[in-house]
Amino acid sequence: MKLIKLSFIIAVAVLAIAGITTTSYAFHDGGVAYCEGCHTMHNSLQSTTMQANGAYGPGTNNMFLLQGQDQSSTCLNCHGKGNTLSGYHISTQSITIQNGNTTEVPQQETPGGDFSWVKIGYDSKASIAGERHGHNIVALDFGYVADSTNTKAPGASTEYLASKLTCISCHDPHSNARRDSTGLVVYRNTNSTFPSIMASGSYGQIATPGSAVGVYRFLGGNGYQPKSYPAAPVFGDHIPLAIAPSSYNRTEASTDTHVAYGSNMSEWCANCHDQFLNPTSTLGNPGHPHPAGQAIDTTVMNNYNAYVMTGNMSGGVGAGYWSLVPVEQGVTDYNALATSGSATTGTSTYTTVDTNAKVMCLSCHRAHATAFNSMIRWYNNDSFVTENSEYYTNANGNAPNTTAQAQKAYYDRPVSDFAPYQRVLCNKCHAKD
Amino acid sequence: MKVCITLLMSLIPAAFIMGAATESAAFHNGGVGPCEGCHTMHNSFQGATVNNKSTPQAYLLREADPSSTCLYCHEHQNDVGPTTFHISTPAAELPPGMPPKQLTPGGDFGWLRKTYTWYASAGDPTLHSSPGDRHGHNIVASDFLYLADATNTSAPGGSYPANNFSCISCHDPHGIYRRNNDGSITTTGKPIAGRGSFVSSPDPTSATSVGVYRLLGGKNYQPRSLAGPYQFVNDPPAAIAPDNPNRSESVTQTRVAYGSGMSEWCQNCHPTMHTLGGDLGPTTLQHNSGSMAKFVQPYQDNYNKYIADGNILSTPDPSSSYLSLVPFEEGTSDYAVLKTHAKTDDSYLYGPDASSQVMCLSCHRAHASGWDGITRWNAVTSLIISNGTVSAGSYAQEGLAYQPYGQGRTETEALQAYYGKPETKFAPIQDTLCNKCHIGVYP
């Protein structure tokens with residue numbers, strides 16, 4: 001009986017959010033969720049404690065009255081509990097930190113990626129496991145530790161300590177920012193009156209007049225700074241405009257998961273990596289970084305639209321867009337993007353890029369983690385993505401050990417989607433292969 | 001004839017108590033009531049047994065157990081609405097969809113009889129549940145079909161056994177605790193001249209005392225029927241209720257003037273549930289409550305700015321910010337002050353100042369509520385008002401296939417759980433009332 005009741009408690013926290021399919025659900029509802037979803041006032045519910053880490057008895061809590069030992073652990077209490085591809089999960093629970101010839105395969109295929117890749121190191125000679133594969137969130141209850149190499153956010157004018165990196169470094173769990181019915185971002189904390197959040201804004205819902213939807217993935221907006229890290233750089237007003245299909249954690253074996261990126265993604269990443277943003281300088285200038293945040297030129301546009309795979313530039317109009325190398329559309333109107341039909345797992349209306357499109361950080365990287373160094377979307381440490389019609393693997397090297405890992409790294413795409421000797425996907429834009 | 005006599009007997013304690021329809025009345029008179037109101041010496045009155053029992057019950061109680069004895073008067077059949085001192089609605093009067101009737105500040109124990117189920121979304125196959133025994137303090141009152149809490153077998157944060165939990169776990173039925181004119185609380189000394197819980201209650205004098213708030217037990221209190229180390233360590237709180245607190249708040253609020261000591265008193269059974277002070281942060285590991293849990297900034301301003309979701313005053317207005325759904329202690333034991341603040345006509349709606357403090361009853365009701373955890377609002381949903389079935393917003397989502405916010409309640413039930421406060425008092429999309437204090441505190 002007790003077990004049944006315990007299961008019910010867990011169900012309240014988990015199943016209220018999830019379900020069993022991969023569609024998005026309503027725990028956050030685009031804004032601040034119910035407080036007891038993440039916090040516990042007394043660490044007591046139905047004769048048991050609510051803390052996942054079990055550090056204290058009833059009446060004593062973790063810091064900030066969190067249910068997890070730390071902020072990320074609290075998030076992963078729901079988002080890290082999957083061992084198969086499912087729902088809103090962004091971590092594979094069974095995977096532990098390991099170095100060397102592992103055959104473990106992270107399971108989640110969200111656009112941001114499965115954080116478990118940072119636990120998997122391919123090189124048994126290296127002292128560090130997979131920490132080069134993603135943002136190393138600190139989530140001690142789930143075995144995630146701080147980055148030991150990049151002890152500060154790379155490219156940051158104001159340091160962001162790796163030891164402070166958690167889910168709420170990027171996501172505002174209380175969702176101050178929101179989009180009103182016209183699509184404009186407004187803030188709770190800086191206004192006396194503001195529209196209430198009626199639903200998530202990550203999947204294209206438009207607010208009714210007087211109401212609001214949440215911003216994309218309730219990312220931190222203007223002035224955002226975790227309360228637990230007052231020395232953190234204060235975010236600017238750069239909420240990304242993007243819309244994901246509601247079923248976003250899914251295999252791309254048959255069709256792409258097309259997130260419609262509109263604008264501001266690179267500018268938002270620059271909250272912590274400002275030195276990597278390059279909205280203006282041109283190729284050839286000394287010291288310029290890759291032009292994240294810049295509109296593509298005609299050459300890149302033509303390359304992108306034509307490129308199918310190494311040795312095949314026959315794509316053209318209507319066949320160009322590829323979720324492995326996404327670009328921003330250059331759209332700044334949320335409502336227009338929401339109604340454009342471009343965010344989908346089916347046939348998108350955005351298949352041909354134009355010169356409004358921008359290269360962004362997420363053109364090359366995933367936001368959470370990937371199977372590859374620097375959380376790049378493809379294997380970028382050598383020339384080839386495939387060799388002899390097989391995904392490139394390299395036991396005890398820096399590429400996935402197994403074909404199964406590699407296939408998952410490309411979100412189950414069949415290797416036939418690539419050329420037999422597919423070169424790195426920088427060529428989607430640059431076509432040097 | 002027997003029925004008539006039994007009926008007459010049943011009227012004896014009731015007649016002591018009732019008086020006018022809406023005034024709190026005097027059976028207890030601030031202390032011990034007439035013995036035969038609760039006990040029966042011989043289970044015999046004018047040739048008949050008392051209240052259909054074949055023998056006297058334990059402790060010569062007239063009912064099967066202490067709580068049943070209390071409910072003999074405090075629950076009443078066929079009330080048409082909130083009625084005087086009644087704090088429970090009979091089970092037979094709670095068909096599906098209908099809420100308990102009483103609206104005392106402590107709440108109607110009838111909520112313990114209401115279990116709700118619902119589906120949250122199309123993709124979520126789980127039938128969610130809000131079991132009745134999560135809605136209140138589970139008094140054992142077998143004559144009135146109240147059973148012990150089967151889940152919390154002891155008091156959360158303490159060890160008080162659930163199977164021994166009754167009205168007299170909190171309320172001293174013999175009312176020996178008295179408030180004196182020097183502010184002290186004693187169990188002996190001057191005689192209790194009357195109740196001390198209400199605005200119209202007498203004040204203690206050099207010759208007389210008054211009863212403590214709601215006959216609550218004080219230091220060293222422990223029911224005779226309970227063995228073990230459960231003696232109270234803290235005295236009853238300083239508080240004053242308006243004379244007619246069992247009422248709808250559809251038009252005006254019911255303001256109990258809580259002064260001090262409530263959380264400390266709750267600690268008698270829930271000793272590890274509270275911290276005495278400190279701000280939320282990495283080193284404070286419990287939610288604040290009690291005498292040291294002052295309304296420091298920004299919480300004070302938050303409370304005084306908050307009107308509803310999306311409607312926050314640019315500058316605090318403490319003169320009208322009080323919300324009876326989120327009450328607070330004033331940080332005083334001055335009964336002269338408290339008596340001027342306990343209202344039912346909205347003539348005193350001042351919010352917290354620097355002396356005010358968070359208490360257990362800021363979030364919970366003492367008896368029962370319509371929500372899990374005995375909270376005053378639904379704290380396990382992100383929205384207490386949503387579009388629901390009414391475009392202007394509704395508490396419930398009655399009739400909808402999926403009810404993530406209303407969670408199985410009918411609109412009638414949800415409205416009653418909010419004491420009749422119309423939805424229009426809040427926003428059409430209204431976050432939980434934690435935000436009354438915490439809006440803007442988090443990043």
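Here is the naming used below: chain letters follow the sequence lines, and residue numbers restart at 1 for every chain.
In this model, a donor atom of one side chain and an acceptor atom of the other lie less than 3.5 Å apart for B/Ser382 and A/Asp29. For A/Tyr34 and B/Asp431, the side-chain atoms include no donor-acceptor pair closer than 3.5 Å.
Atom OG of B/Ser386 sits about 10.5 Å away from atom CE of A/Met198, to the nearest 0.5 Å. One finds the CE atom of A/Met41 at 11.0 Å from the OG1 atom of B/Thr375 (value rounded to the nearest 0.5 Å). From A/His42, atom NE2 reaches atom NE2 of B/His364 across 3.5 Å, with rounding to the nearest 0.5 Å. Atom NE2 of A/His39 is separated from atom SG of B/Cys434 by 9.5 Å, given to the nearest 0.5 angstrom. To the nearest 0.5 Å, atom CD1 of residue B/Ile429 and atom OG of residue A/Ser211 are 3.5 Å apart. A distance of 9.5 Å separates CG of B/Leu383 from CD1 of A/Ile197, quoted to the nearest 0.5 Å.
For A/Leu65 against B/His287, the heavy-atom pair with the smallest separation is CD2-N, 3.6 Å. Residues A/Ser44 and B/Met273 come closest through the heavy atom pair CB-CE, 3.3 Å. Of all the heavy atoms in A/Cys35 and B/Thr432, the pair that sits closest is SG-OG1, 4.1 Å. Nearest heavy atoms, B/Gly310 versus A/Ser196: N-OG, 4.3 Å. Residues B/Asn311 and A/Thr193 come closest through the heavy atom pair OD1-CG2, 4.0 Å.
Only the backbone of B/Thr381 comes within contact range of chain A, judged by heavy atoms closer than 4.5 Å.
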